[in-house]
Structure formats: structure tokens, C-alpha cells
Amino acid sequence: WVASADRHEDFLQCLQYQNSNAISKVIYTPINSSYSSVLQFSIRNGRFNTSATPKPLVIVTPLNVAHIQAAITCSQKHGLQIRVRSGGHDYEGLSYVAVIPFVVVDLINMRTVTVDVANKTAWVQGGATLGEVYYRIAEKSRTLAFPAGVCPTVGVGGHISGGGTGMIMRKYGLAVDHIIDAQLIDVKGRILDRASMGEDLFWAIRGGGGNTFGVVVAWKLELVPIPASVTVFNVTRILMKEDATKLIHQWQYAIEKFDEDLFSRIFIWRSANSTQEGKPMIQAAFTSLFLGGVDRLLSYMQESFPELGLVREDCIEMSWIESTVYFAQFPRNTSLEVLLNRGPRSTIFFKGKTDFVKEPIPKTALEGIWERLDQVDAESAELQFTAYGGKMNEIAESSTPFPHRAGTLYQIHYAISWDEEGIEAYAKYISWIRRLYSYMASYVSKNPRQAYVNYRDLDLGVNNLGNTSYRQASIWGTKYFKNNFDRLVRVKTAVDPANFFRNEQSIPPLSSW
Ligand code: FDA
């Protein structure tokens, strides 16, 4: 501790020296009264907000590029690790937790969004949230959008560094498929854009995972056209298990034929409140965004998935921006300004995992899922099945580091959340999700069993604290990136050979074979 206290003093002096003026206003150490509130403001997972969670020696909330450069230079000089934070949604808390002395560079003050309607582009600073991006686009145009995630408080810094799936991905692909330039500060403190960083590094930062190649100061987005009116529905069916099995089984075949204008997802959970003969039933919410009007949607659903029994009353026409508020589960007619609100909505404890399904899962296997849902009494235990296909099938696996493209039928996201602190609750709920994951092994992608880096899961493996082994990293690296992992390692070796930007699952340089 003495050593780290010294390092932290030296680091602070270095910052002042590098950047004599304004930086002192944006430095927080544990003796500052606002240190805890600054740290906790962007914590989204209660698992990493306990008294036992390791805390940063210093938090810097840069106001400009020079502050970030100073933090990078001084951290290297004084042997501290950097954790960059944008929205703080990392599933394993990697943007604000480390087990060795570290500094958090929190981009909360750098979140300007500048929209250029004429050129259908926007520059977005690394600390902006998706809600801020969507709101600022809609402020200028109701027929332009950006394909990215659903939760408005997710930060663009981490989200786009990992891919970015969302409600219009079947039409347009991912966020990373629409990044046309970026501003990055590398390990030498240089500010690079697409031209000066070169196509290899530009490729790697669009999906190769955050905190690995440098600090993304801003992304340039290519905006996409959207109809002035879209149609949404969220149809919940409370099902006896046999019916749930039948309907969800049929959905797996229907999605293969779905038009790319139709996004489709099922949320599946056990309902303790709905019972039949004393037994809880399965609830399944079929959620869709359709890029068109209700008449076309209804005739389309009648043709492709009549078993759902969708009727006009289930559907609502609205603008795309209103749909972002709707899918964020705010009540109808909530003001669009809610998208600008980045305050924490709750800090539940949670753990998530992902899988990719290539072939429809047999009915008997679905029944095994319901049995496992019956065995847990968590605050919430839920599976999300998200249809892939459409545009996702047309983009080559190597076009960005995100490899889960053609051949993926749908993605499964498993999540469990609870509200009791303590080791017992932790062990109970985490072991439940691990058992479910292990049960699913035979029904999902294999060799490798693929996973989505934005739903980070340290169960897949972690880097060593000291020297990171390529072999070890390739265990989880090929799950997240498949064959793109090796190219990511080559880029990392070229741009950060000493592995300054790192975390438990960052790409290692080749020196560590
Ligand atoms: P955070 O700040 O925690 O950063 C995540 C990682 O990126 C960390 O390693 C961090 O160091 C690094 N990083 C952050 N900013 C950086 C920068 N400027 N430069 C370099 N590295 C940086 N995903 C999805 O694809 N679709 C979805 O719909 C959703 N929905 C969703 C809902 C909720 C409630 C959660 C908690 C998460 C999601 N996600 C998601 C997952 C989300 O995309 C993922 O957790 C992102 O990494 C979060 O980015 P943040 O900037 O918020 O996280």
C-alpha cells in the first residue's frame, strides 16, 4: 500500500506538471468528498460496488484531449494501470475495477454529439451515451437513425469498441458497421484519426474490445435512413410449458424467413405470480420493431409467424426515436428528454452470459431450460433470444472483429439478477447461471463456443496479472472473435507491444506467446 500511495503522489505531481492548469479540477482521490459519488455514478452492477471491491487510486474526468494525454503519460511513467470508462456498463466492471494499483479515466465530461444532417454523419465523443446520441440525431432529423444498443445509458466508448447490436441490426448490421472515422489517443499519447492510424488499427478498434488499443476520444458515425413511422409490439404470453415449447420452437423456424425490416426478440422468464395447479408458468414476451406500417406488418406476420396470433391492438405506430424510449421500457408518452438522463436506474447485482444458436433447439432441450428456470428464486432470471439474419448475413466475418455473422440463427443472452448482498447469494445465483450455461453446450455453437464480447464473461478465461499468454488469451479470444483474434493480436503487437492498455480480457501482444 505504501508503494501504491507513493506512486499515486508521483502520478498526481506528474499530471500537474504535464498540464499545470485546469486538470486539478478534474482529479479525485479518496480524500475528496466527491470521490465516491463520482466513482459510483456510472457503476451498473452491484457486484462491483461493495466495500470489498478494489478502488482506483485516482479518478480523472478529462475535459479535453490534453487531460487524457497527461493521464496516459503519467500512468506509464509511474507504473499505474489505466481503466477507461464511458457508460460503465461493462458486465464484469472492468472499466472501474482492477486488482493492481490503477487510475480511472472517466469520460463523463466528454460527450458532445455533433450531427451533420446534410452529410448524414455525426461526431460523437467517447463519453456520450446511446440515449444522448439518439436524442441529438432526432433533434435534427426524424428520418435518420443509428443502429446501436437498446439501453440508453450504455456508453459509446465501450459499446462501439465491442460491436453494438440493437433493434435495427437485421436491416443495417451493428454500430461498428457504420463507423467511418475515429479519434484515438494511443500509448504514445498521439492523437490519431483513421488516416493516420491506418486501416489495421481502425479495423481493430471497431469491435476488438475496449481498453486495449488506446482511448477512443470520438467516433464518426454514418447515419442510416429510417421511415418517419415504425411499428412496435411487445406481446406477452403466459404459457403452460407445452405451449411455450411449441411457440418458441416454431419461432426458431419462422425467423429464418423474416424480412430484414423486422427485428424479433423473445424474453423468456419464469413467472412466480402466474401459476396453474400451484406450478409457476413460463412467460414469453415477443418484442419487435418493424420498419414500416401496421398493415404491412400484420399481413407479414400472418404469412410468416401466424402461430403468434398478432392482432392490430398489439401494435403501435410511432417514430423511431419514440421507439427507443419504448424499448427502454419507459411508460408510454414519457418525454424524449429521458434519453439524456444517465443517472443510475438501479444497482442490482447481476451476471450475464451469451451463446449463438446455429440450428433450431429441439423441443426436449427447451423443456430442460424451463426446468432450470423452475429451480431458481432470483429477483429475475431471464433468457433473451435475439434473431440474427438479414443484413447480418451479408457482412463478412472478417469485415470487423465481431465474427458472429452468416450462419447465426439467433443469440441467447442469459441473465440473472438479485438484490441480496453477500457471498451466499452470489454463490447461489452465479452457480445457477453456470449450470444453465453448461446444460446448453450441446445446443449452441461449437469449436469454438462463441460469445459476444460486449456481454463480457470472465468465466471464459482471464489474462494473467503479469505477462499475458497468447495461448491462454486465445481460449476466450477465439470465442469472442473467432479467426479475427490473430489479426487483433498482430495489431496489438504493432501498436502497444508493452501491453500498457490492458485488462483481464484485453488482446495480448505477441511478445507473450
Ligand atoms: P464501460 O465504460 O464499462 O466500458 C466497457 C469497456 O470499454 C471497458 O473495458 C472500458 O475500459 C472500455 N472503454 C470504455 N470507453 C472507452 C473508450 N473511450 N476508449 C477505449 N476503451 C473504452 N450491448 C449491445 O451490443 N446491445 C445492447 O442492446 C446492450 N444493452 C445493454 C444493456 C445493459 C443494461 C447493459 C449493462 C449492457 C448492455 N450492453 C448491450 C452491453 C454493452 O454494450 C457493453 O457493456 C459495453 O461495453 C458498455 O459500454 P460502456 O461504455 O457503457 O461501458
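For ligands, and for the atoms within them, numbers begin at 1 and follow the listed sequence. In this chain, numbering begins with 1 at the start of the sequence shown.
- The distance between the ring centers of F286 and F267 does not fall below 6.0 angstrom.
- With respect to atom 21 (N) of ligand 1, the closest heavy atom belonging to the protein is N211 N, 3.0 Å.
- Less than 6.0 angstrom separates the ring centroid of H413 from the ring centroid of Y455.
- The closest protein non-hydrogen atom to atom 18 (N) of ligand 1 is V216 O, 2.9 Å.
- Residue G126 places no N or O, backbone or side chain, under 3.5 Å from any N or O of ligand 1.
- Atoms CG and OG1, on N341 and T334 in that order, are 11.5 Å from each other to the nearest 0.5 Å.
- Set against the non-hydrogen atoms of G149, the atoms of ligand 1 under 4.0 Å away are 26 (N), 27 (C), 28 (O).
- In terms of N/O distances under 3.5 Å, ligand 1 is not approached by Y91.
- Protein heavy atom in closest approach to atom 26 (N) of ligand 1: T165 O, 2.8 Å.
- Assignment of G162 to the shell around ligand 1 is not supported, since no heavy atom sits closer than 4.0 Å.
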Determine, stepwise, if the pair Q411 / Y452 fulfils side chain to side chain donor-acceptor pair (under 3.5 Å).
CA-CA 9 Å; Q411 173 194 285; Y452 177 24; over 6 Å; no
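- Atoms of ligand 1 found under 4.0 Å from any heavy atom of S95 (numbered from 1 in listed order, with element): 1 (P), 2 (O), 3 (O), 4 (O), 8 (C), 10 (C), 11 (O).
- Remark: minimum distance from atom 52 (O) of ligand 1 to any protein heavy atom is reached at G155 N, 2.8 Å.
- Considering backbone and side-chain N/O of L94, none are found under 3.5 Å from N/O of ligand 1.
- To the nearest 0.5 Å, the span separating CZ on F102 from CZ on R83 amounts to 7.0 Å.
- Not counting sequence neighbours, H178 has no partner by the ring pair (Phe, Tyr, Trp, His ring centres under 6.0 Å) test.
- At least one donor-acceptor pair under 3.5 Å links the side chain of E322 to the backbone N or O of S319.
- An N or O contact shorter than 3.5 Å is missing between R85 and ligand 1 by distance.
- A donor-acceptor distance shorter than 3.5 angstrom exists from the side chain of H404 to the backbone of A451, with no hydrogens or angles considered.
- Nearest non-hydrogen protein atom to atom 36 (C) of ligand 1 is H89 CD2, 3.4 Å.
- Residue-to-ligand polar distances keep G166 apart from ligand 1: every N/O pair is separated by 3.5 Å or more.
- Within the structure, the closest approach of G214 to ligand 1 falls below 4.0 Å when heavy atoms are considered.
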Pair up each side-chain donor or acceptor in residues 203-218 with any protein partner under 3.5 Å, not counting sequence neighbours, and list the distances.
{"from": "W203", "atom 1": "NE1", "to": "S398", "atom 2": "O", "distance (Å)": "2.9"}
{"from": "W203", "atom 1": "NE1", "to": "S399", "atom 2": "O", "distance (Å)": "3.4"}
{"from": "R206", "atom 1": "NE", "to": "F202", "atom 2": "O", "distance (Å)": "2.9"}
{"from": "N211", "atom 1": "OD1", "to": "V84", "atom 2": "N", "distance (Å)": "2.8"}
{"from": "N211", "atom 1": "ND2", "to": "I82", "atom 2": "O", "distance (Å)": "3.3"}
{"from": "N211", "atom 1": "ND2", "to": "R502", "atom 2": "O", "distance (Å)": "3.4"}
{"from": "T212", "atom 1": "OG1", "to": "G210", "atom 2": "O", "distance (Å)": "2.8"}

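- Ion pairing of R194 with E199 is present here, as a side-chain N (NZ or NE/NH1/NH2) and a carboxylate O approach within less than 4.0 Å.
- Protein heavy atom at the shortest distance from atom 41 (C) of ligand 1 is N454 O, 3.4 Å.
- Considering Q183, R265, H159, R456 only, the shortest heavy-atom separation from atom 9 (O) of ligand 1 involves R456.
- For ligand 1, the polar-atom distance check finds no N/O of F350 at less than 3.5 Å from any of the ligand's N/O atoms.
- Using modelled atom types, one side-chain atom of D259 and one backbone atom of D261 make a donor-acceptor pair closer than 3.5 Å.
- A salt bridge is defined here as a Lys NZ or Arg NE, NH1 or NH2 lying under 4.0 Å from an Asp or Glu carboxylate O, and D459 with K351 meets this definition.
- In terms of polar-atom proximity, S86 is counted as a contact of ligand 1, with an N or O under 3.5 Å from an N or O of the ligand.
- Contacts between N503 and ligand 1 below 4.0 angstrom, taking non-hydrogen atoms only, involve the side chain exclusively.
- In this structure, R449 satisfies the cation-pi test against Y437, with its NZ or CZ atom closer than 6.0 Å to the six-membered ring centre and inside 45 degrees of the ring normal.
- Interface atoms of ligand 1 facing V150, defined by a heavy-atom separation under 4.0 Å, are 27 (C), 28 (O).
- Checked against a 3.5 angstrom limit, the closest N/O atoms of Y452 and ligand 1 fall inside it.
- Within ligand 1, counting atoms from 1 as listed, the ones closer than 4.0 Å to a heavy atom of G210 are 7 (O), 12 (C), 21 (N).
- Scanning the protein for heavy atoms near atom 39 (N) of ligand 1, the closest one is Y455 CE2, 3.5 Å.
- In terms of protein heavy-atom proximity, atom 31 (C) of ligand 1 is nearest to V154 CG2, 3.8 Å.
- In terms of polar-atom proximity, defined here as any N/O pair under 3.5 Å, L107 makes no such contact with ligand 1.
- At least one N/O-N/O distance between G88 and ligand 1 falls below 3.5 Å.
- Each of L107, I108, N109 was scored for a side chain to side chain contact (heavy atoms under 4.5 Å, CB included) with P62, with one residue passing: L107.
- Which of V104, V217, T354, V84 comes nearest to atom 13 (N) of ligand 1 through a heavy atom is settled by distance: it is V84.
- A salt bridge links R487 to D200: at least one charged side-chain nitrogen sits closer than 4.0 Å to a carboxylate oxygen.
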